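First comes the structure, then the notes that go with it.
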Amino acid sequence: MLEGLNPSQREAVVHSGGPLLIVAGAGSGKTRVLTHRIAYLLGERGVHPGEVLAITFTNKAAAEMRERVEALIGPRARMMWVSTFHSACVRILRREHEHLGLPSSFTIYDADDSRRLMTQVARDLDLDVKRNPPRGLLAAVSALKNELVDHESARDAAESDREALIAEVYSVYQNRLIASRALDFDDLIMTTVNLFQAFPAVAESYRRRFRHVLVDEYQDTNQAQYVLVRELVGTSAASSPAGSGAPVTEDGPVPPAELCVVGDADQSIYAFRGATIRNILEFEADYPDAKTILLEQNYRSTQTILSAANAVIERNRGRKPKNLWTDSGQGEPIVGYVADSEHDEAAFVANEVDRLTDEGLAKPSDVAVFYRTNAQSRAFEECFIRVGLPYRVVGGVRFYERKEVKDVLAYLRALANPDDSVSLKRVINVPKRGIGDRAEAMLDALAARERISFGAAVDRADEAYGLAARSLNAVRGFAALMADLRGKVAEGAGPSEVLEAILERTGYLAELQESTDPQDESRAENLQELVAVAHEYEGAEGSEGVTGFLERVALVADADQLPDGGEGMITLMTLHTAKGLEFPVVFLTGLEEGVFPHTRALGNVQELEEERRLAYVGITRARQRLYFSRAVLRSAWGAPSYNPQSRFVEEVPQELITWEREAPAPSSTAFGTQTPALTASANKSRKTGFKSLGTSGREPVSVVPGDRVVHDTYGLGTVVAVEGRTGEHATVDFGSEGVRKLVLAFAPLQKL
DNA sequence: TCTCAACGTCCCGCC
DNA sequence: GACGTTGAGA
């Protein structure tokens with residue numbers, strides 16, 4: 001069990017007793033250590049698999065871990081719980097629902113459903129959606145939930161109008177969720193925590209059961225997950241020095257479970273969904289008798305790549321120093337390339353892949369292209385299709401996020417849960433059946449008056465005031481349709497059968513088939529695929545009808561069961577998706593201020609640090625060859641923009657980089673000194689409507705702090721301050737080009 | 001109530 | 001550039 005492990009890894013595997021923190025640098029064999037540890041526990045230490053709870057962040061990681069452990073110790077491994085936080089919570093909630101007065105089946109709302117609901121809430125509260133976009137409200141509500149604040153106390157604690165508003169929105173939103181018998185993603189965890197805190201006996205039973213709790217990617221846990229782990233483990237604070245092997249008696253207090261968490265603060269890239277690095281940084285404070293093991297030896301990358309990664313991440317403040325090292329040698333230098341445009345950038349990648357393949361240095365499947373945002377994949381896809389390079393895009397518009405799939409699933413959800421108003425409203429007029437806004441509003445009014453759900457109001461549409469006869473007929477027809485389908489569910493039809501009935505009887509499929517839009521053809525195919533997925537689910541063990549299918553679909557958001565693509569495919573993905581993976585050859589593209597780091601992070605130290613961690617993650621995915629590329633001119637949302645080089649490139653020691661094509665020297669003498677290619681793009685862009693800069697006839701710009709501007713030489717910047725009575729001077733932050741003070745009347749500056 | 005076109009917003013990332 | 005939303009007109 002221990003062969004092939006270095007001393008630190010070995011120590012982590014065999015550690016027994018108190019809480020264990022494994023700080024695992026990128027490529028240090030973290031997954032290996034974790035799986036070996038579980039295998040060691042089950043093998044050498046004689047732990048029963050049922051006593052193990054391993055928590056990962058993605059279903060994919062969970063499946064992989066289960067597989068690996070099974071490979072080590074055999075089918076016994078199937079008895080342990082390996083799942084994501086969310087799946088584990090759903091399992092617990094379903095099992096303990098009667099404690100909470102929760103229905104045994106509930107609908108899980110994803111981000112899109114939550115946004116729809118929030119939009120309705122905002123509308124009902126007469127909020128100015130411009131000033132309070134649902135997205136922003138949702139983020140605020142999510143933050144509140146994560147702090148485990150109930151809405152009464154939130155309202156009492158509110159000091160500003162804004163806080164009071166959020167508390168109000170929170171309470172309405174939460175009530176709507178309850179009325180819809182739905183939980184959103186935050187609720188899943190928070191409700192479980194509440195359950196444990198409100199019913200100590202329930203918590204106790206899980207503590208008795210799970211004697212070993214392992215958490216992967218601990219740096220990505222949020223407050224709620226942190227508390228959940230504490231509840232599951234049982235606080236060791238007051239108890240004796242965590243007695244290992246102490247017999248668990250039926251009555252006495254349960255000694256804390258053995259907790260083992262693994263993570264790397266430098267790879268924390270999910271602050272946007274509430275993750276706090278604090279959890280990993282303060283682990284030793286939270287668990288005083290914790291043992292920390294540092295894994296710094298890297299088995300993945302060359303020293304050049306590691307040096308680059310170290311240099312970048314070092315710029316972050318307040319981090320614990322860590323130095324990745326390897327004994328596998330310097331390797332190839334990083335190759336840099338400055339492209340004229342995003343198309344040029346894609347062409348460079350394609351050429352380079354061709355060259356590597358021709359020279360036998362790599363297969364296409366060894367190559368990954370990373371970008372900051374999904375939208376950037378398009379340029380690469382176009383180029384790869386043109387030159388005939390096989391590729392696959394991981395992530396992007398996921399199967400379950402497609403409109404047609406969500407529509408049909410909404411039908412299924414509305415059938416399974418008649419109170420699910422969000423799903424019902426989504427499909428009440430899809431396909432068009434003459435139930436418009438007005439009819440919906442009347443039904444809403446009826447629901448409010450009679451204190452019934454929207455679904456019930458649909459069934460009692462005859463009682464609604466102000467419903468035109470034509471609308472009433474339409475609603476009646478819809479209600480009959482739903483009743484009919486519901487009957488099918490009641491007869492015990494499986495999800496695939498019900499889905500097929502939905503496709504047929506609602507006319508959804510017919511509409512797609514009659515359409516001439518070629519996109520609708522692939523939509524119809526997606527729906528067939530959905531039916532196939534349902535079929536497969538029915539065949540699998542432990543399938544639980546329509547409800548179980550819906551639950552699974554909600555939790556398995558990413559359809560990464562997509563065919564492995566086999567040998568010859570280049571992998572395209574965002575940096576976020578790349579975490580946890582490795583490739584011999586990695587292209588880090590779009591290294592431009594405003595792209596990566598993203599514009600929205602430019603003015604904010606915390607967010608910049610998160611971007612930097614993302615850069616660190618990207619760099620450390622590479623095993624042998626790493627490429628940096630950027631485009632001087634990039635068309636973002638239809639309009640061209642010039643972005644200066646990303647600061648992350650400049651943070652890498654320049655001797656590590658060999659530039660295959662360099663940026664034209666920034667010169668103030670306008671176009672004359674620029675490369676011909678650049679001038680050509682500039683001319684082209686002028687034709688496509690980008691106003692020429694730095695030439696005569698330009699009106700003086702007036703800017704305010706926060707404005708985004710483009711400068712002829714310095715590129716994209718953000719206005720920091722404006723001085724002078726009429727704002728003659730402006731201080732502009734051009735990112736890597738520095739902060740410049742400009743005279744607005746003369747500066748070749750344009751507002752974006 | 002539907003359709004079309006103009007308009008604005010988005011384009012950060014995920015369970 | 002692509003989407004969803006909004007407003008006028010049918």
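Note that the coordinates shown come from a computational prediction; the quantities given were computed from them, not determined experimentally. Chain identifiers are assigned alphabetically (A, B, ...) following the order of the sequence lines, protein sequences preceding nucleic acid strands; residue numbering begins at 1 within each chain.
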> Which listed nucleotide (dC11(B), dC2(B), dT1(B)) is nearest to the side chain of Lys432(A)?
Replying inline: dC2(B)
> Only one of Asp184(A), Asn222(A), Thr191(A), Asp186(A) forms a side-chain hydrogen bond (donor to acceptor under 3.5 Å, both in side chains) with Lys145(A), so which one is it?
Replying inline: Asp184(A)
>> Using the side-chain heavy atoms of Ser471(A), tell me which of these nucleotides is nearest: dC2(B), dC15(B), dT1(B).
In response: dT1(B)
>> What's the closest nucleotide to the side chain of Tyr270(A) if the choices are dC14(B), dG4(C), dC10(B)?
In response: dC14(B)
>> Both Thr574(A) and Pro133(A) contact DNA chain B. Which one's nearest nucleotide lies toward the 5' end?
In response: Pro133(A)
> If you pin Lys403(A) and Arg378(A) to their nearest nucleotides in DNA chain C, which one's is more 5'?
Replying inline: Arg378(A)
> Is it the case that Gln223(A) and Gln225(A) place a side-chain donor and acceptor less than 3.5 Å from each other?
Replying inline: no
> Could you state the CZ-C1' distance from Arg91(A) to dC15(B), rounded to the nearest angstrom?
Replying inline: 17 Å
> Rounded to whole angstrom units, what separation is found between the CG atom of Leu183(A) and the P atom of dC15(B)?
Replying inline: 19 Å
>> Show, in sequence, the C-alpha distance, side-chain angles and deciding distance for Tyr616(A) and Arg612(A), and conclude whether the side chain to side chain donor-acceptor pair (under 3.5 Å) test is met.
In response: CA-CA 6 Å; Tyr616(A) 173 79; Arg612(A) 190 171 283 112; over 6 Å; no
> Glu609(A) CD to dG13(B) C1': how many Å, rounded?
Replying inline: 18 Å
> Considering only side-chain heavy atoms of His576(A), which listed nucleotide, dT1(B), dG13(B), dC11(B), is closest?
Replying inline: dG13(B)
> Which listed nucleotide (dC10(B), dC14(B), dC15(B)) is nearest to the side chain of Thr577(A)?
Replying inline: dC14(B)
> For DNA chain B, whose closest nucleotide is more 5', that of Glu607(A) or that of Ala111(A)?
Replying inline: Glu607(A)
>> In this structure, how many angstroms lie between the C1' atom of dG13(B) and the OH atom of Tyr371(A), rounded?
In response: 13 Å
> Which class fits the ring pair Phe196(A) and Tyr206(A): parallel under 30°, tilted 30 to 60°, perpendicular over 60°?
Replying inline: tilted
>> Can you identify which nucleotide, out of dG13(B), dT1(B), dC15(B), has its nearest atom closest to the Arg438(A) side chain?
In response: dT1(B)
> What is the distance from CD of Gln376(A) to C1' of dC10(B), rounded to the nearest Å?
Replying inline: 14 Å
>> If you only use heavy atoms from C-beta on, which nucleotide in dC15(B), dG13(B), dT1(B) is closest to the side chain of Arg470(A)?
In response: dT1(B)
>> Within the 4.0 Å heavy-atom criterion, would you say Asn429(A) contacts the bases, only the backbone, or no part of the nucleic acid?
In response: sugar-phosphate
> Is the Tyr270(A)-Phe57(A) ring centre distance short of 6.0 angstrom?
Replying inline: no
>> On the nucleotide dG13(B), are OP1 or OP2 found under 4.0 Å from the side-chain N or O atoms that Asn374(A) carries?
In response: yes
> What's the CG-P distance between Leu188(A) and dC15(B), to the nearest Å?
Replying inline: 14 Å
>> Categorize Asp110(A) for me: base, sugar-phosphate, or nothing, with a 4.0 angstrom heavy-atom threshold over every strand shown.
In response: nothing
> For the pair made of CZ in Arg115(A) and P in dG13(B), what is the distance, rounded to whole Å?
Replying inline: 13 Å
> What's the CZ-P distance between Arg372(A) and dC10(B), to the nearest Å?
Replying inline: 16 Å
> Does CD in Glu521(A) sit with more than 12 non-hydrogen atoms of other residues, nucleotides or ligands closer than 6.0 Å?
Replying inline: no
>> Using a 4.0 Å heavy-atom cut-off, does Arg135(A) contact any base of the nucleic acid, only the sugar-phosphate backbone, or nothing at all?
In response: sugar-phosphate
